[in-house]
Amino acid sequence: MGKLCDGDAAEADAVLAAGGTLPPVTAGTMCLVRPDDTDHWQRALVQHRLPTSPKNEAWVVRLVDHGRELTIETTHMRPISPELAGLMATARRCELYNVAAPKAHLTDPAREFMLWTEECVELMGAFIAGRSMLMCVVDETDTALRVDLFQPPVWKGASTESTALETHLNAYGTYPPMSLRSTLLFHRHCEESKVSIQHDALGELRNWMQRATKHALAKHNLPPQQPVTDRDWASVHLTHVVSPSQLYLMPDGWKAGSFEPLCKLLHSTSWSLTSRAFQPHIGLICAFSFPSEDGRRGWARATIQKVSRGRCDVYAHDTGEVCSVPAVNLRLLPPDSKALLVPPLALPCRLANVLPARVLRPNGTWTKAANEVVWKAVNDAARITAIPTDGSCPFGVILYADRTCVNRALVDANHAQLVGGKENEMLHKVDLAGGGDSKGQLVVHCPVTRLHVVSSQEIYVRLVDREHDRLEWHERLQDATINGPLSAQDERVAAGCWNIGELCVCYNGFGEGWLRARVVSVIEPNRYYRAFLIDTGETKKFHYRDMSTIPPDFVATEPFAIRCRMGRLGAPKNAINLTLETYPLHAITLGEDGGGALGTSPPTLCVVFWGRYDSQSHWVDLNAQLARQYCSRKASVGSAEGGVSLTLEQAIEAWVQLELQADGGDAIGDPMDPREAVTVVEVMELLDDSGNELGQLDRAQSIELNDTSNDAVSISSSEFDENDFPEQECSTPVHDRSSDDWACQHYPASIERWFPVGPIIVSQGFLASYSNYGDGGSFYLHPQLTDHLQRTDELPRLIGLAIDDQPPLYLWQAAMLEVGSPCLAPYDQDGHYYRAIVTQTDAHDEHCIVRIEERQARVLFVDYLNTAIVRCGDLRKCPAMVRKVPLRNIAVRLVGVRANPRLVEQDVMERVVYRMCQAEHFYAQIVRIVEPGRKLEVRLYVNQCMDELLYQELIDQGYLVEE
């Protein structure tokens, strides 16, 4: 055909070369054309002429042997001979059978082609992707063939050149048949035609698809699950809980060795549009993406269990979860993908020897409260251990979270009953290979946070299990210190008259606020003091204005910083810090003295320190590491022979009691007279023979009267660098930057520090209302989510309770009124109080002794994002219960459109805002999550049906242009 076309074109060129003319081009006739992308001539049918000048005529033609339309100038058109024009076209026009454009019934049938979107055409191109397709002809009309196309991977016949369906009725391949028509229907790019055709070929096509699908799925499976060893059961990870009779475990060794590399493989796979263009089948193994905790997209394997239009219900093989995944998040795994060679990593299990309590559910089903008991037991556990009771699947296991038997916990909580004769299997001590001590008992590591290292005999740690209680206690301490009643000592305290040994609270910067402390030395009377922070283990220098009376209710609270020592190790401080910093996670176990060394002064807990890199790695004995370098005797785990044997919990409790008793005689009511402090000579006599430093809480103290002579001796156990304590009037910072600078540099961090961001949106969209307009084309929307609305509607009542319980601020509290501090501020138009952040204050005057009602501050109302200037005397403290309510709004940015660059952007945005306000409520479809909980990229629709953009009229009028 190409040679015939080139021959006719050469004859026409010869006529032109001889000075002849060519016949004029008319619509509806055949001719030869030469497209710009080829040097050969091709047959074409002239469609119509474009409105161009007579010198440069251009026509729209359709290539009869290829089917595509293009624009051709008359200089690239030649006449065609009748014989060549009469040959049958090699390209036939086809259409998918029984399909219609979305919402075709709402428009003129003649203009139905305008409803087919670019996404639909793009998906069809990705489905075909230049491959030779398998075509089934269902019906034939005068103008086109009604067909369906199938991807080649569905069959592997000997004759790959033939496209007749009859030759492949027994040819089955890797995947079930992938139909183009079914793929478009699944992705909602077309609908079933209202007037469908009925043909005998459809029955034959359905029978073939059923046989091919059944044959393909019989071989489309993951490898069988690998055997589970005793060491695998020794440390497991709970992935999903349906009920105590159906839960899923993953050995930590599998997680580090198989699951994490599998996730990286799926994440690094270059997913193209071709992998998304497939027809889902029940039983097909595929990959799907989901939002992870760090804001990125995670990937996992799953089997499709249910297919609906636009989404599928899938079973995740590696976690045991069943979730609903939208079509845009599904991907087809290539036949040679390494992900198909990894066995399932989630072990189906059940808690052995327990049944649901019949008093709760007569039908023998588990309650939701039983699931919560299981999650609560394992949520904060440092180690989860499973003991299998049988080898069948699902595996019956006795589950341990640290030393807590989860099976027994269900029974103790009256959610389960023991199976008769199985009581003896509920053990509380487990003998595990590589997981116990020399006596076969399970070693329980107590997770801790390292605070401060003085020496190997004085290390301060904080229990991770008590962190939640500490945070709540810390907030109550802040409120009690700021809003507490004035005591009789305030006059003396205001003058800076502090004595050695007194308990107080010290302001340790904006990040930590007020902390409990004990005065250990006087650097400059009535001005600078050195105090030991009871709950951090540090000793620091404080200005008297950063010190205040401790509220009475907080004097007897047990310290949160526990003083420990590393057995008999004599390692230097730098080596200990370097060893501890090597491992991000730390834990302690009871040391060789077994609690027998608590009688020392001051009381110190003898422990063994452990470290590991993450939750999947094993604990490393840090005492043993240091012992190999600095002493010959290795510290062991457990109690020594002949010593006092205590559990770690008992030893910590005993240490707390001894610490409270040691502090009892030095309370506020009985301070140490400065004149009774020991001299430098007495201090030197108290040092031991080895020259080791004294502990931070040793009672030997001194008054430092700015002695700069060479004979002056510092007796504190820590090495103090005077450069860390600059000579300033007050350590409380004075902010003098403008509010604009503050908003640009500190506004997001300050709000996130005190107030949780808006609700985390997990769906594909949400109803919202307009709240405010931000910078850079962003908007702040108020999500109309039920849970979020309930919490924000409760906020005015909580603020009212807080205002009724608080007095106005006094001058001595002005030090806390810093830029970035949370507060409750009144709004001048309605007089009600709202949550706010201080953005600017008047200059700080330390000599002012009047109340601060005349002073002013600029505040930003965090829930409405407008500012106001209010009197400092009208501000109130924002308590913790008010700060815990999430912010009212969430930040979004429109995608797919932008302001017309020829117009004023501010005017265009005002029109968009007017549409939002006029609609009152609208639907925001999430396109991309830029920052979880902070900013989303969305499209706004009039309603949840997403049939019309909220700003479609502005696009039609030219105010907005599509990107």
If the condition is ring-ring contact (aromatic ring centres under 6.0 Å, His included), which residues does [X] pass it with, not counting sequence neighbours?
X    : result
Y248 : none
W375 : none
H317 : Y315
F259 : none

Excluding sequence neighbours, so at least two apart, what forms salt bridge (charged side-chain N to carboxylate O under 4.0 Å, His left out) with R470?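 R470 satisfies salt bridge (charged side-chain N to carboxylate O under 4.0 Å, His left out) with E467 only.
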Verdict with supporting geometry, C323 and F288, side chain to side chain contact (heavy atoms under 4.5 Å, CB included): CA-CA 10 Å; C323 49; F288 71 96; 4.0 Å; yes
Does the side chain of R383 pick up a donor-acceptor pair with the side chain of S235 at under 3.5 Å?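 No - no donor-acceptor pair under 3.5 Å links their side chains.
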Examine the side chains of R888 and T792 and answer whether a donor and an acceptor come within less than 3.5 Å of each other.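 Judged by distance alone, the side chains do not pair up.
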Counting C-beta onward and ignoring hydrogens, is there a side-chain heavy-atom pair between [X] and [Y] closer than 4.5 Å?
X    : Y    : value
L515 : T536 : yes
V461 : R563 : no
R516 : I550 : yes
L580 : H586 : yes
V620 : R612 : no
L238 : V374 : yes

Strictly under 6.0 Å, is that where the ring centroids of F554 and W473 end up? yes
For [X], which residues count as a side-chain contact (heavy atoms from CB on, under 4.5 Å) partner, sequence neighbours excluded?
X    : answer
R883 : E475, W754, F755, P822, K877, C878, A880
L795 : I799, R835, D863, V882, V885
S243 : S245, Q246, W366, N371
N577 : R450, V453, K573, E581

What residues, two or more places apart in sequence or in another chain, satisfy side chain to side chain donor-acceptor pair (under 3.5 Å) together with E321?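 E321: side chain to side chain donor-acceptor pair (under 3.5 Å) contacts with T319.
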Listed partners of E472 passing side chain to side chain donor-acceptor pair (under 3.5 Å), at least two apart: H468
So H452 and Y460, would you call those rings parallel, tilted or perpendicular, with 30° and 60° as cut-offs? parallel
Can you see which heavy atom on P447 is nearest to which on A382, and at what distance?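 Taking every non-hydrogen atom into account, CG-CB, 3.9 Å.
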Step-by-step side chain to side chain contact (heavy atoms under 4.5 Å, CB included) determination, W610 to L622: CA-CA 5 Å; W610 303 79; L622 304 185; 5.6 Å; no
Show me the pairs that pass salt bridge (Lys or Arg N to Asp or Glu O under 4.0 Å) and involve residues 410-419, at least two apart or across chains. none
Could you walk me through whether S289 and R297 pass the side-chain hydrogen bond (donor to acceptor under 3.5 Å, both in side chains) test, one step at a time? CA-CA 6 Å; S289 66; R297 304 294 297 184; 3.3 Å; yes
Residues D318, R301; criterion salt bridge (Lys or Arg N to Asp or Glu O under 4.0 Å); working and verdict: CA-CA 7 Å; D318 304 314; R301 303 177 302 171; 2.8 Å; yes
